[in-house]
Amino acid sequence: MEKLIYEKSRPGRRAQTLPAPGVPDVKLTDLLPAGQIRKKNPALPEVSELDVVRHFVRLSRLNHSIDTGFYPLGSCTMKYNPKINDAMAALEGFRELHPLQGEDQVQGALELMWQLQQAIAGVVGLPAVSLQPAAGAHGEMTGLLLIRAYFQANNDPARTKVIVPDTAHGTNPATAALAGFQVVEIRSKENGLVDPEALRCVLGPDVAAIMLTNPNTLGLFEEEIQTVQRLVHDAGGLLYYDGANLNAIMGMVRPGDMGFDVCHLNLHKTFSTPHGGGGPGGCAVACRENLEPFLPVPVVARADGRFRFDWDRPQSIGKVKGFYGNFGILVRALTYIRAHGREGLAQVSRDAILNANYLKERLRKNFQLPYGQPCMHEFVLSGIWQKERGVTTTNIAKRILDYGVHAPTVYFPLVVPEAMMIEPTETESRQTLDEFVEIMLNIDQETRETPDLVRGAPHKTPVGRLDEAHAARKPNLRWTPDQ
Ligand SMILES: *Cc1c(COP(=O)(O)O)cnc(C)c1O
């Protein structure tokens, strides 16, 4: 186990020296009531600056990250975060802003947000954009509140149901339920795609929307999306696009052109801003004109060459977050878009698709591939052949860690038993992909020859198998001094 910083403490060691005070000594008792003055010093670690630096740098290196290793975590688009993004967000004029500064003083920041709104509207083919939500799931919530407000404003409050396919990301049904809708799940066809017949059976005057991602979570493009959108619209419903999988389609096809009415984009996925670790995420929600009046306030608007926050939106659902979105993330996203340009973004998607199909074809002999058609930016394998040898997908995922690679997403989507969902992204080289194939083939061989080695994995990580539910619900975050 790593030592805690407290355990490195040595009496009298210090990380700083303060200059001598330039004011006369005052007695603490003259300033504070005696009862509020501590009798003993607090039990803080006594360490040098070098102790602190080494401790935290060492800790940071115990984590896996996209900057230290391959990260094929399906559905998450763990692509490289170009350092130019950080450099732009760190420019003094952006970094030193205060959210309560007047519009006159922050014209550049407003212009940046306006440009990002325009860029995103162009990428998704929907005209109106809010940059306020902080993550994908938050964007889903915002989008469904727009849909609810829309039907209420149109005197159609009986639309209480939201349809999701059985391949949906868990956040979709969760969001629909949280937004007050009843969730209706439909089964996918044999080939993993939405079944228009199953959809027809549940459509009616009580349906508000369907939530889809395209490509879906199996990495398959919904070829019948035109039929789906016609059916839903004919029944008076709307289509919500979960844009987490946009990395597969940029510059080639747009959610708006597919018939979607509202969508979210995870800026920390497709647009390369940092992802996870509890740091700020970013999300854009885009919609058609008919939903625009309901967007969160304020929206950044331009008039007479000036930019301003438009608060005068009487039908708005209100605010969904403090201030105006995670601004530093917005700077990073626009940097990424501008660095690539329209053709560059299309190339991103083409390369992401190529990398995924390359891995899929090289792995399908050794791991079962339930949906064999060409995939988009990700694909799903099943570990059932290995399970027949007594080694589960959990075991394989843990063994992958021993090779210095992050595990794929496992046991999702739910329609595939022992699922492993692999998304290499476009930023990985042929060499990295080949190394990953070698690792997977090695592990497959281990499941035949030394299955206990795989069952006991991981062997090389700082910690082994954690009780994840317990760790999340009862985290032990506090060191208690023994005194
Ligand atoms: C990641 C993801 C989400 C949720 O996005 P967050 O930014 O993690 O809240 C929703 N749907 C799909 C398909 C995803 O992959």
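Every heavy atom of this structure was used, including side-chain atoms; hydrogens, water molecules and symmetry mates were not. Counting convention: from 1, in listed order, for ligands and their atoms alike.
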Nitrogen or oxygen of Lys269 less than 3.5 angstrom from that of ligand 1: yes
Geometric N/O contact Ala135 with ligand 1, under 3.5 angstrom: no
Within-cut-off N or O pair, Ser75 and ligand 1, under 3.5 Å: yes
Check: of Leu212, Asn172, Thr171, min heavy-atom distance to atom 10 (C) of ligand 1 comes from Thr171
Identify whether the distance between the nearest side-chain nitrogen and carboxylate oxygen of Asp195 and Arg187 falls below 4.0 Å. no
Tell me whether the centres of the aromatic rings in Tyr371 and Phe379 are closer together than 6.0 Å. no
Filtering Asp242, Asn266, Thr167 for the heavy atom nearest atom 5 (O) of ligand 1 leaves Asn266
Lys/Arg N to Asp/Glu carboxylate O, Arg230 vs Glu224, below 4.0 Å: no
Residue portion contacting ligand 1 (non-hydrogen atoms closer than 4.0 Å) for Ala137: both
Can you tell which part of Glu140 has a heavy atom less than 4.0 Å from ligand 1: side chain, backbone, both or neither? side chain
Parallel, tilted or perpendicular, judged at 30° and 60°: which one describes the rings of Phe309 and Tyr324? parallel
Are Phe294 and Arg148 close enough that some pair of their side-chain heavy atoms sits under 4.5 Å apart? no
Tell me, which protein residue and heavy-atom name are nearest atom 6 (P) of ligand 1, and how many Å apart are they? Gly136 N, 3.4 Å
For atom 12 (C) of ligand 1, which of the options Gly281, Cys76, Ala244 provides the nearest non-hydrogen atom? Ala244
Lys161 side-chain N/O to Phe181 backbone N/O, donor-acceptor pair under 3.5 Å: no
Distance-only, no hydrogens or angles: does the His64 side chain make a donor-acceptor pair with backbone N or O of Phe70 under 3.5 Å? yes
Consider every N or O of His268 and every N or O of ligand 1, then say whether any pair is closer than 3.5 Å. yes
